[in-house]
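I have placed the structure first, in the form of C-alpha cells, so that the comments after it can refer back to it.
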Amino acid sequence: MDTYNMKPENMRAPNHLNEKEIRQSLEELDAKIKVLQGRANATTSDSHHTYHEHIAALEAKRALIAGKLHDTSGATESTWQEIKRGLDDLAESVKKLF
C-alpha cells in the first residue's frame with residue numbers, strides 16, 4: 001500500500017490510454033477496490049487504517065478514467081444498453097457452464 005494517504009481530489013487519469021487500456025485499467029481498479037473493501041470490512045472498528053480513504057481515492061480515479069472511455073467511444077451508450085450487454089454476457093457465461 002502507498003506510504004501516503006490518497007485523497008480523491010488528488011487523483012488523475014492518464015491521458016495516453018487507448019480504449020483497450022482504459023477498459024483494462026477499469027477492471028484493475030475494480031479489483032483493487034474490491035480487495036480494499038474486504039480488508040476494511042475485516043478490520044476492527046477501532047483500528048487505525050486508511051482503507052476507506054484509499055477506496056474513495058481509487059473510486060474517484062475510476063470515475064475519471066471511465067469518463068475518458070466515453071470520450072474515446074464517440075457516442076455514449078445508454079444505461080439500458082449497458083445493462084443488456086451485461087445480461088447477454090451473463091447468459092453466455094451460464095451457457096458455458098452447462
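If you read the sequence from its start, that first residue is 1, and numbering goes on from there.
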Treating Ser93 as the side-chain partner and Asp89 as the backbone partner, does any N or O pair qualify as donor plus acceptor under 3.5 Å? yes
Side chain to side chain donor-acceptor pair (under 3.5 Å) filter on Gln37, not counting sequence neighbours, yields none
Gln24 meets the side chain to side chain donor-acceptor pair (under 3.5 Å) criterion, sequence neighbours left out, with Glu28
The salt bridge (Lys or Arg N to Asp or Glu O under 4.0 Å) partners of Asp88 (sequence neighbours excluded) come to Lys84
Rounding to 0.5 Å, atoms NE2 (His54) and CZ (Arg39) come to a distance of 9.5 Å
Between the CD atom in Glu27 and the CD1 atom in Ile22, the distance rounded to the nearest 0.5 Å is 12.5 Å
Between Arg62 and Leu29 the two heavy atoms that sit nearest each other are CA-CD1, 3.8 Å
Nearest heavy-atom approach of Leu26 to Ala66 is CD2-N, 3.8 Å
- Message: Test side chain to side chain contact (heavy atoms under 4.5 Å, CB included) on Lys95 and Glu92; report intermediate values, then the result.
- Response: CA-CA 5 Å; Lys95 286 178 185 177; Glu92 276 299 314; 4.1 Å; yes
